[in-house]
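Comments concern the structure below.
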2 protein chains.
Amino acid sequence: MNKPSPNLTIKDIAKLSGVSKSTVSRVINHDPMVKESTRNKVMAIVEQYQFTPSKSARAMRGYGNKVIGIIVTRLDSISENHAVRNMLPVFYANGYDPIIIESQFSPQKVEEHLTMLKEKQADGVVIFAFTGLNSSRLTFWQDKCVVIARPFSEYTCICYDDVGAVNKALTYLYQKHKKIGYIGITKQDQTTGELRYQAYTNFCHTHKLKPNAVLGKLSYYSGYELAESVLVDSPTAIICATDSIALGLNKFLSEKNINNIVVISIGSSELLKFLFTKTITVDLGFDKAGTYAANELLQILQSGSKPKIITVPSQILI
Amino acid sequence: MNKPSPNLTIKDIAKLSGVSKSTVSRVINHDPMVKESTRNKVMAIVEQYQFTPSKSARAMRGYGNKVIGIIVTRLDSISENHAVRNMLPVFYANGYDPIIIESQFSPQKVEEHLTMLKEKQADGVVIFAFTGLNSSRLTFWQDKCVVIARPFSEYTCICYDDVGAVNKALTYLYQKHKKIGYIGITKQDQTTGELRYQAYTNFCHTHKLKPNAVLGKLSYYSGYELAESVLVDSPTAIICATDSIALGLNKFLSEKNINNIVVISIGSSELLKFLFTKTITVDLGFDKAGTYAANELLQILQSGSKPKIITVPSQILI
DNA sequence: TTGTACGCGTTATCAG
DNA sequence: CTGATAACGCGTACAA
């Protein structure tokens, strides 16, 4: 119970600069109603002693903590990682302390984390949505949060261009290929599963292609295991709903020495491109999503801008 | 500036249960000096209204925030990810809120984060060390932090068995191989670089083997690029200092259709084992490291145990 | 065993 | 333009 370093308070600064607490407070809060001279006087002391106001104290006064909660599904999700890595600098630059938490796809954990953030007087939240997450849990944060990967109405959302990405892949392939397979994930997952699969079947329908799709889990194991079933129809090209699936498929193809099949992956990870150079990838723009999310949140917090849905443009990399 | 939900305070609970603030405070802090009956009475109200004391307020009273800072180098480091994922549940279970921050290998960022945590009255810190991190920056946290991956004296540290792992790999190989190559990373990195390399050269020396080592960066690109140089000496087995290097090397070998070389990787990632099944891996125990770190930190915080260095046992997976 | 009164560091209000 | 002073929610001597 020792006072580790006699950290100065606003009161000390007041004494040292010969003014009152209130004036110091005004200075550090950029109140325009302070005389130039006194401001300088105080600022000098502040800088000299490296004074920073106690976060906990100002949090208690309802001022907010300059804290942003970032709720990811899993720490080791490559896509979310990319997004997060791109928001951090933005938050830091604006003096916010981002705190990262894992939801592990559990709505209940989300709830716990959210109340924790509320207690801590966090100023805002970025949350990566997942199947099963209900927007009703977010009502408290409605006007200070950004949702990623799901278009919740009344919220500011950053969405990926699932449909567009699949279409870009198909349009590219359709020039030379008429037998195009698809390895996806089950329709339980609304975006990565259902949306991308629908885009595939729709395209097949309007272009009179015979669909050849298998759906499984989101993992490279799944891609590997499902490879055989797609190949039955002897496609000349295969679209993978995610890059992990593409990894699995590529492993299978390489093991069987199959070289004449074009592989396209929705989602463009470094590792995939490194290991299987021939794979064509569609970049969903995870990095950009992070930047967008951070900037939007800051705007919401500062100027209270209206909810809107931003779709990050996808880009095919040939 | 609206009061979003009229959150109850300790005062409200006091009124509702017909006692004074102080009694309520005592109850929620488990002060043994309260009568059974009143405790129950208060607890009932507390539970009924889901009351939780304001974190910021008690932080201000110097009570600590029940916050643990976890400073990782990079969010997408597989090894650190594993470790972190294993500490989180431990911290949650004990009522701590872990907050994860990135150092990006910058001592200066570490410093910033540390002072941030200090302001926030964080209770403890877990920090993943890296080359360039000086233990002097940690003095304030000396008695409430755990360092991972470097043996700082006077601190509680969780270290990986760099030397042991390399020796296990070499001992295994030495049964059948006398020409063993090594792809590592530059000696600037004290543990992954220097320590593992030294273990290799030492083993070669004592067993009269001709060393054949190349050192580069910590990336799969580096593994790929350096492959050729090691092969010049036509080794029958190659040890990779990390699993990313092993990925690069394996890609190279597979492209050149070289199948007669045994690859051993220090560090055993799912992806590596999945993609290149034949690779032998030495597990450094990242998961265990996380668990150890969390438990040690809790012990330090609770019973102020002495600094010690724990080496996580490595294990060869054949 | 419980209640009273005070202080923690900050901001907001209201005089001056 | 600035300085007292009162809050904020909580913990804790001290008194009862």
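Note on naming: letters A, B, ... go to the chains in the order of the sequence lines (proteins, then strands), and numbering restarts at 1 for each one. Everything quoted here is computed from the prediction, not taken from an experiment.
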Please evaluate the base of D:dG9 for a donor-acceptor partner in the side chain of A:R61 within a cut-off of under 3.5 Å?
no
Any donor-acceptor pair under 3.5 Å joining the side chain of B:S22 to the base of C:dT4? yes
If we count only N and O atoms by modelled type, under 3.5 Å, do the side chains of [X] and [Y] hold a donor and an acceptor together?
X	Y	result
A:R150	A:T131	yes
B:R74	A:N81	no
A:T73	A:E80	yes
A:S305	A:S303	no

Could you give the [atom1]-to-[atom2] distance, from [X] to [N], as a whole number of Å?
X	N	atom1	atom2	result
A:K55	C:dT10	NZ	C1'	14 Å
A:L8	C:dC8	CG	C1'	15 Å
B:M33	D:dA13	CE	P	13 Å
B:I13	D:dC10	CD1	P	9 Å
B:D31	C:dG3	CG	P	13 Å
A:E36	D:dC1	CD	C1'	13 Å
A:F51	C:dG9	CZ	C1'	8 Å
A:K21	C:dT13	NZ	P	16 Å

Walking DNA chain C from its 5' end, the first of A:M60 and A:R26 to be reached, judged by nearest nucleotide, is A:M60
Side-chain contact check for B:N29: nearest option of D:dG11, C:dT11, D:dG9 is D:dG11
Of the candidates C:dG3, C:dT10, D:dA4, the side chain of A:T9 sits closest to C:dT10
Does A:S54 have a side-chain nitrogen or oxygen under 4.0 Å from the phosphate oxygens OP1 or OP2 of C:dG9? no
Item to complete: Considering just the side-chain nitrogens and oxygens of B:S25, establish if one lies under 4.0 Å of OP1 or OP2 belonging to D:dG11.
Response: yes
Only pairs under 3.5 Å count here: list side-chain donor-acceptor contacts from residues 284-299 of chain A, not counting sequence neighbours, and write none if there are none.
{"unit_1": "A:D287", "atom_1": "OD1", "unit_2": "A:H82", "atom_2": "ND1", "d": "3.0"}
{"unit_1": "A:T291", "atom_1": "OG1", "unit_2": "A:D287", "atom_2": "O", "d": "3.2"}
{"unit_1": "A:N295", "atom_1": "ND2", "unit_2": "A:T291", "atom_2": "O", "d": "3.2"}

With a non-hydrogen cut-off below 4.0 angstrom, is [X] in contact with a base, only sugar-phosphate, or nothing?
X	answer
B:R58	sugar-phosphate
A:T23	sugar-phosphate
A:S56	nothing

